[in-house]
Amino acid sequence: MRILVIADIHGNMAALEAVFAAAGPVDRIWCLGDVVGYGPRPRECVEWIRERAGPTTVLGNHDAACLGRVPLEGFNPVARYALRWTMLQLAPEHRAFLESLPEKLVLDEVTLVHGSLRAPVWEYVFTSEQARANFDLLRTRLCFFGHTHIPFVLSEEAARKGEPPSRPGDGDVVTVHAGRFLVNPGSVGQPRDGDPRAAFMIWEPGRGQLTFRRVPYNIAAVQAEMAAAGLPQLLIERLALGY
Ligand code: ZN
């Protein structure tokens with residue numbers, strides 16, 4: 001079984017299509033939230049995720065904000081501007097799908113959350129200290145999360161020793177057949193690790209193997225769409241920087 005694991009699409013349909021084309025044949029798609037926010041194609045991204053990942057999707061903070069569940073004041077000004085714009089784009093059918101999403105999902109030996117187990121929609125997990133607190137709450141062997149937009153792998157053993165997470169890059173394969181791990185595939189639509197290529201991960205439970213991948217897409221075309229939509233310049237520029 002090959003499972004495509006994606007996070008933080010953020011309305012970037014070109015990146016999502018590039019990821020799907022590069023992933024090859026997959027049996028399932030799991031989505032770790034933030035389908036919308038920032039990017040120019042929120043409707044198409046919701047429709048794509050609804051069709052292909054469906055109920056194996058968890059809610060992100062931008063998705064929650066578009067439903068009016070959290071005050072927009074909690075976001076920085078450019079994110080807030082993009083969220084207001086995104087809310088105007090979504091039809092009731094798109095909101096209905098986002099409304100249906102849980103904050104946490106357990107699929108066999110994996111728990112899916114957007115942020116963390118401590119605060120499923122909100123907490124950013126960057127450090128081994130944050131990871132330790134979340135291992136205490138983890139009831140499955142593995143936890144896949146997103147939200148930071150940075151690929152991350154850390155075993156419980158390494159977290160307890162205070163070791164930093166690894167930051168897997170394109171083509172890196174990590175074997176996790178024994179022990180417990182927190183894992184972030186990185187972001188499809190707005191990477192923040194300095195590599196602007198779309199990030200995704202293939203999970204093969206039978207082999208206990210995670211394969212991290214990066215794929216180029218037409219960033220300039222997405223930037224042009226964002227400019228035409230009047231989205232903030234800062235968001236347009238950061239796509240090319242991978243930050
Ligand atoms: Zn995000």
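When a ligand or atom number is given, it counts from 1 through the structure's own listing order.
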Is the shortest side-chain N to carboxylate O distance from R180 to E109 below 4.0 Å? no
Please answer: with hydrophobic residues joined when any side-chain heavy atoms are less than 4.5 Å apart, are M226 and L234 in the same cluster? yes
Does H62 bring an N, O or S atom to within less than 2.8 Å of the Zn ion (ligand 1)? no
Suppose we only allow N, O or S atoms; which atom of D8 ends up nearest to the Zn ion (ligand 1)? OD1
Considering only N, O or S atoms, which atom of D34 is nearest to the Zn ion (ligand 1)? OD2
Closest to the Zn ion (ligand 1), among the N/O/S atoms of H10, is atom NE2
Looking just at side-chain N and O atoms, do Q190 and S187 make a donor-acceptor pair shorter than 3.5 Å? no
Do NZ/NE/NH1/NH2 and the carboxylate oxygens of R167 and D195 come within less than 4.0 Å? no
